[in-house]
Novice: 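Sending over a structure as structure tokens; questions will come in a sec.
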Protein chains: 2
Amino acid sequence: MLPSLPILAWGRAYRRETLLGDGLAAVIVTVMLIPQSLAYAMLAGLPPEVGLYASVSPLLLYAVFGTSRVLAVGPVAVVSLMTAAAIGEHAAAGSPEYWAVAITLAFLSGLMLLAMGLLRLGFLANFLSHPVIAGFISASGILIAASQLKTLMGVKADGHNFLDLGLSLISQLGQAHVLTLMIGVATVAFLFWVRSGLKPLLQRFGLSARAADIVAKTGPVAAITVTTLLTWKLDWQAQGVKIVGAVPQGLPPLTLPLWDLHLWQQLLVPALLISVVGFVESVSVGQTLAARRRERIEPDQELVALGSSNLSAAFTGGFPVTGGFARSVVNFDAGAQTPAAGVFTAAGILLASLFLTPALYYLPQATLAATIVVAVLSLVDFSILRKTWHYSKSDFAAVVATLVATLSIGVETGLIVGLAVSLALYLFRTSRPHMAEVGLVAGTEHFRNVQRHTVVTSPGVLSLRVDESLYFANSRALEDRVNEAVAKRPALGHVVLQCSAINDIDASALESLEAIDQRLRGAGLKLHLSEVKGPVMDRLKDTEFLRHLSGRVFLTHFQAFKALAPEIA
Amino acid sequence: MLPSLPILAWGRAYRRETLLGDGLAAVIVTVMLIPQSLAYAMLAGLPPEVGLYASVSPLLLYAVFGTSRVLAVGPVAVVSLMTAAAIGEHAAAGSPEYWAVAITLAFLSGLMLLAMGLLRLGFLANFLSHPVIAGFISASGILIAASQLKTLMGVKADGHNFLDLGLSLISQLGQAHVLTLMIGVATVAFLFWVRSGLKPLLQRFGLSARAADIVAKTGPVAAITVTTLLTWKLDWQAQGVKIVGAVPQGLPPLTLPLWDLHLWQQLLVPALLISVVGFVESVSVGQTLAARRRERIEPDQELVALGSSNLSAAFTGGFPVTGGFARSVVNFDAGAQTPAAGVFTAAGILLASLFLTPALYYLPQATLAATIVVAVLSLVDFSILRKTWHYSKSDFAAVVATLVATLSIGVETGLIVGLAVSLALYLFRTSRPHMAEVGLVAGTEHFRNVQRHTVVTSPGVLSLRVDESLYFANSRALEDRVNEAVAKRPALGHVVLQCSAINDIDASALESLEAIDQRLRGAGLKLHLSEVKGPVMDRLKDTEFLRHLSGRVFLTHFQAFKALAPEIA
């Protein structure tokens with residue numbers, strides 16, 4: 001498949017009226033993105049300017065290849081956490097090697113996304129169930145918040161799971177830097193107030209709900225401005241408050257991934273997981289926003305767009321990126337009409353990286369940590385536990401497994417455990433199909449479960465209905481059930497399978513049916529089928545099984561009953 | 001669960017008449033088992049007497065715990081090959097360590113089988129599909145035959161896959177020992193003739209088909225007797241023919257598994273695979289034979305019986321065992337009525353190991369290799385390729401993957417690849433459910449696929465039927481389909497899902513339905529459901545989704561159509 005170029009469609013149709021909406025949205029998103037980019041780079045263990053670099057070219061590439069009109073691509077919290085976890089084993093945070101590995105990770109992730117898109121493998125992401133993703137995102141939010149506590153407290157702590165982090169933090173409680181902690185706690189409190197208190201206040205002063213929402217999103221910028229000014233004026237740095245320091249001024253650099261096959265091998269699984277999680281997050285945001293305007297996104301083309309974005313991040317000094325939820329919603333609400341808003345946002349970030357970085361010198365690291373903590377705590381949502389507990393115990397088990405494994409071991413293991421548990425439980429369910437012995441409802445031609453209804457049966461005929469397609473994992477259950485019935489009922493002469501709910505019979509199930517038929521024949525019984533669906537019959541009709549079947553194939557189950565148990569029907 | 005003791009049932013009811021059938025069957029099976037036991041021990045890389053040891057106590061334990069009345073437990077070809085592959089990495093064939101590892105493997109395999117039985121995990125074996133097993137057994141047969149060629153040729157060769165073995169053999173073609181090769185080829189030819197030519201001959205002389213069959217099974221004993229006598233009389237040993245040599249005389253020794261956690265860890269996967277393959281083979285033989293007499297075996301109790309058999313093998317100097325196909329059929333055909341036949345067979349083998357072993361001194365190894373080659377070539381059956389190619393391409397793919405991986409890499413990898421490929425293809429199929437837009441068949445209340453039938457539709461109503469239960473892997477496909485339809489049809493006001501074929505909706509699918517509903521609502525449309533099945537409705541009725549559903553739930557699809565498109569219905 002050749003990737004399409006959605007830019008040709010929206011670019012040609014671009015009109016002056018759209019410019020205003022796109023431009024305004026771009027200004028607002030830029031103001032929101034600057035602190036986010038810095039913070040998420042820090043979360044990933046990278047220098048803050050890398051966050052700005054990762055917010056320019058990916059937006060441009062997404063504008064060319066992406067099918068969502070409002071998705072904003074760049075560094076996001078969960079993917080940054082996964083990046084930190086993946087690189088941590090290969091290089092020391094803050095070192096040039098660390099950055100080089102991050103670039104390589106973006107490169108590999110970009111290649112994988114692109115390949116999955118070109119091969120139309122977007123459906124693979126569907127195997128991560130919603131509850132597993134919800135559990136994973138909540139656990140990641142907790143891990144991210146915990147990882148920022150060290151910066152809020154002004155201490156050093158390490159670990160990629162909750163236990164290690166927690167122990168490390170507790171052991172250093174005594175060394176917490178009080179002024180840093182005060183800046184951090186004050187910022188967190190301020191940001192929470194902006195979220196919950198400021199919006200109603202602004203509305204009371206006459207702002208529309210939408211405008212109040214957008215103003216509230218600029219809270220982090222206000223917090224950064226105020227704490228930076230205070231740190232500069234009051235010389236907090238001298239009192240031990242850690243600041244961002246000198247951030248290089250200039251265009252994103254041109255970079256190349258490390259050309260190291262051994263490293264690539266080790267990054268393969270993390271890169272794949274980052275790709276899949278990023279894709280799932282991005283597509284669900286994109287779908288939600290597109291549907292609000294009756295538009296549509298193409299998952300496979302989205303893979304191509306995200307792949308290109310990550311490749312471009314790798315060549316311009318960035319790290320793995322994807323479509324972010326909060327920024328895309330702001331972009332949408334602020335009135336973005338086309339991906340041109342993304343292009344304008346990229347220009348805004350570019351200007352920031354050219355001219356704004358000196359102003360970030362006195363920015364306290366604790367302020368950035370506080371913006372991360374507030375942003376990610378909205379990811380933590382345990383309602384999925386209550387919801388799945390009531391609705392589906394197997395989904396509940398998958399969420400718990402994901403949560404526990406992510407918190408206690410780490411993000412990668414957590415995701416893999418969640419995937420494995422949910423697939424195993426699905427296979428387990430389908431391997432035990434519902435089977436019912438049915439009998440005739442007197443006076444009708446209908447057959448119902450003998451255990452639930454008053455029905456008529458014949459001692460010589462067993463009528464069995466299977467409520468699932470037959471495949472290798474459940475075909476032996478059918479053999480067992482027939483064997484059991486035959487062993488228990490000496491008067492039995494006929495077994496009739498009512499196939500109305502069977503949409504497919506695979507080769508194993510066909511062999512099981514052959515085995516059932518042979519065993520029944522060996523014991524002097526006959527096997528019959530009834531109500532076989534058209535497509536299933538099409539495949540069965542050329543088989544040895546049907547040619548040698550001891551019994552017959554009846555169009556309806558009632559016809560079978562009439563022929564085999566005439567004393568009743 | 002406490003294991004039951006089937007011996008109490010058949011033991012109490014034991015009558016003198018059964019004794020004759022059981023005794024006769026035991027004599028015949030013993031005669032057949034002696035060469036088989038020696039040969040399969042050799043195949044596993046163990047001294048020949050170990051095969052006899054492994055044929056005594058397992059038969060006794062199976063008689064106590066087993067639910068099949070005629071299954072004969074002992075060393076079998078495929079499990080012996082897997083044993084050789086598993087131990088090869090840990091010790092040199094023929095060394096005392098090698099035997100100790102084999103004993104440990106039987107111990108671990110026994111523990112696993114027992115645990116699986118007590119936990120009722122017998123259904124796990126169902127995840128090996130019939131085509132994968134068929135492909136695996138055929139490939140194993142080829143590997144076994146190839147591994148015996150070196151003994152037939154009187155050379156040394158190594159390797160656990162076809163390529164290594166083949167190359168090793170070809171490079172030594174020139175060193176083949178001519179007399180050994182002649183003994184081997186003559187024995188193979190004789191045994192094939194016994195199988196195909198002797199039986200009709202005996203029948204022409206008036207023997208019944210069953211008796212002729214049984215006599216034919218003694219072919220290996222005749223071959224062993226003749227070649228042993230010739231080797232002794234003509235002093236072939238002096239001419240370089242390898243003989244079995246001194247086989248210790250006496251009772252099976254009492255042995256203990258190695259108490260080495262590191263080794264246990266490494267044997268974990270092989271032991272699990274050996275357990276599962278042995279169980280699958282044993283249960284399918286047991287089921288087939290039990291059904292012929294309208295009896296039944298209990299798979300979970302069979303696990304307990306096979307587990308005990310393997311544990312007993314570990315404590316009496318044996319190696320992994322399971323129920324064998326050929327010997328069980330002979331036991332059945334010879335008239336065995338109860339597991340007492342197994343007890344008598346064990347006594348027979350015990351006598352052999354006490355008194356017969358000196359007579360085996362001059363037995364040429366090539367004769368044993370020939371009996372293995374002839375026995376396993378009947379396992380090789382490529383008809384599964386043709387069958388699955390015609391019936392189901394995804395089953396075909398699983399067989400090919402299993403065959404190729406087993407032959408080119410080895411038994412363990414082959415089995416795992418087959419399992420993974422067949423599960424992946426099943427999940428792939430269910431992740432793309434059949435969905436059809438349906439329309440009203442004019443003049444009726446029936447709805448049919450718009451692409452196959454002439455039906456009436458309304459531009460304002462989309463009627464969608466999903467032919468699969470909704471779960472995480474396919475729920476996004478439904479979202480895509482609805483999004484696509486909504487984006488394409490501007491006049492649309494209602495989407496109605498006809499749920500008649502949906503047996504289950506998991507938590508992910510529920511969230512997808514919520515997302516669809518929210519997106520439709522955001523775009524000014526309504527989502528309705530029709531023909532929701534009772535059990536599905538029971539779970540839905542307590543959910544937010546149903547409370548907040550933008551549309552309604554209709555009992556029949558026709559009612560929905562009447563309400564939403566009254567101009568048509």
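Both backbone and side-chain heavy atoms feed into the values below; hydrogens, waters and symmetry mates do not. Just so we're on the same page: letters track the sequence lines, and every chain starts at 1.
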Novice: Restricting to non-hydrogen atoms, name the atom on A/Thr402 and the atom on A/Gly418 that form the minimum distance, rounded to 0.1 Å.
Specialist: OG1-CA, 3.2 Å
Novice: Supply the atom-to-atom distance B/Glu511 CD to B/Ile516 CD1, rounded to the nearest 0.5 angstrom.
Specialist: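 One finds 12.0 Å between CD of B/Glu511 and CD1 of B/Ile516.
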Novice: Under 4.5 Å heavy-atom distance to chain B, tell me which part of A/Leu423 shows up: side chain, backbone, both or neither.
Specialist: both
Novice: For residues A/Leu478 and A/Leu513, determine if any side-chain heavy atom of one lies less than 4.5 Å from a side-chain heavy atom of the other.
Specialist: yes
Novice: Contact part of B/Asp506 toward chain A, heavy-atom cut-off under 4.5 Å: side chain, backbone, both or neither?
Specialist: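 Contact with chain A is through both the backbone and side chain of B/Asp506.
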Novice: Show the nearest heavy-atom pair for residues B/Gln301 and B/Pro6, with the distance to one decimal.
Specialist: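 Heavy atoms only, the tightest pair is NE2-CD, 3.7 Å.
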Novice: Which pair of non-hydrogen atoms, one from A/Leu128 and one from B/Arg476, has the smallest distance, and what is that distance?
Specialist: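 Scanning both residues completely, I find the closest heavy atoms to be O-NH2, 4.5 Å.
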Novice: Between A/Ala515, A/Ser394, A/Ser512, which residue shows the highest count of heavy-atom pairs closer than 4.5 Å to chain B?
Specialist: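 Heavy-atom pairs under 4.5 Å are most numerous for A/Ser512.
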Novice: Name the region of A/Lys387, side chain, backbone, both or neither, that has any atom closer than 4.5 Å to a heavy atom of chain B.
Specialist: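 Side chain only.
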Novice: Kindly assign one of parallel, tilted or perpendicular to the pair A/Tyr426 and B/Tyr426, based on the angle between their ring planes and the thresholds 30° and 60°.
Specialist: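 Because their plane-to-plane angle is under 30°, the rings of A/Tyr426 and B/Tyr426 count as parallel.
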Novice: Under 4.5 Å heavy-atom distance to chain B, tell me which part of A/Phe127 shows up: side chain, backbone, both or neither.
Specialist: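 Its backbone and side chain both get close to chain B.
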Novice: How close do B/Leu527 and B/Ser550 get, heavy atom to heavy atom, and via which atoms?
Specialist: N-OG, 2.9 Å
Novice: Quick check on B/Glu544 against chain A: is it the side chain, the backbone, both or neither that has a heavy atom closer than 4.5 Å?
Specialist: neither
Novice: Among the options A/Thr388, A/Val132, A/Asp480, pick out the one with the most heavy-atom pairs lying under 4.5 Å from chain B.
Specialist: A/Asp480
Novice: Please state whether the side chain, the backbone, both or neither of B/Leu427 comes within less than 4.5 Å of a heavy atom of chain A.
Specialist: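 Both parts, backbone and side chain.
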Novice: Go through B/Arg429, B/His434, B/Arg521 and name the one with the most non-hydrogen pairs under 4.5 angstrom from chain A.
Specialist: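 It is B/Arg429.
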Novice: Where on A/Ser475 is there a heavy atom nearer than 4.5 Å to chain B: the side chain, the backbone, both, or neither?
Specialist: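 Side chain of A/Ser475 only, per the 4.5 Å heavy-atom cut-off to chain B.
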Novice: Looking at CD of B/Glu468 and CZ of B/Arg465, how far apart are the two atoms once the value is rounded to the nearest 0.5 Å?
Specialist: 12.5 Å
Novice: So which part of A/Ala507 gets closer than 4.5 Å to some heavy atom of chain B, the side chain, the backbone, both or neither?
Specialist: both
Novice: Supply the atom-to-atom distance B/Glu484 CD to B/Arg481 CZ, rounded to the nearest 0.5 angstrom.
Specialist: 6.5 Å
Novice: Pick from B/Thr543, B/Leu510, B/Asp542: which one has the most heavy-atom pairs with chain A under 4.5 Å?
Specialist: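 Result: the option with the highest number of such pairs is B/Leu510.
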Novice: Measuring from B/Leu303:CG to B/Phe279:CZ, what's the distance to the nearest 0.5 Å?
Specialist: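 If we round to the nearest 0.5 Å, B/Leu303:CG and B/Phe279:CZ are 4.0 Å apart.
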Novice: Of the listed residues (A/Ala477, A/Gly522, A/Ser431), which shares the most heavy-atom pairs with chain B below a 4.5 Å separation?
Specialist: A/Ser431
Novice: Pick whichever of B/Arg432, B/Lys488, B/His390 has the most heavy-atom pairs under 4.5 Å with chain A.
Specialist: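 That would be B/Arg432.
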Novice: Could you check which of B/Phe396, B/Phe428, B/Tyr391 has the highest count of heavy-atom pairs closer than 4.5 Å to chain A?
Specialist: B/Tyr391
Novice: What part of A/Asn483 lies closer than 4.5 angstrom to a heavy atom of chain B: side chain, backbone, both or neither?
Specialist: both
Novice: For chain A, which of B/Ile505, B/Val399, B/Val482, B/Leu520 has the most heavy-atom pairs under 4.5 Å?
Specialist: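 Between B/Ile505, B/Val399, B/Val482, B/Leu520, the count favours B/Ile505.
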Novice: Ignoring hydrogens, what is the shortest heavy-atom contact between B/Leu403 and B/Ser138? Give both atom names and the distance.
Specialist: CD2-CB, 4.4 Å
Novice: List the steps, then state whether side-chain hydrogen bond (donor to acceptor under 3.5 Å, both in side chains) holds for B/Glu298 with B/Thr67.
Specialist: CA-CA 6 Å; B/Glu298 309 262 356; B/Thr67 58; over 6 Å; no
Novice: Quick one: what part of A/Ser469 sits under 4.5 Å from any heavy atom of chain B, side chain, backbone, both or neither?
Specialist: neither
Novice: Which region of A/Asp395, side chain (C-beta onward) or backbone (N, CA, C, O), has a non-hydrogen atom less than 4.5 Å from a non-hydrogen atom of chain B, or is it both or neither?
Specialist: side chain
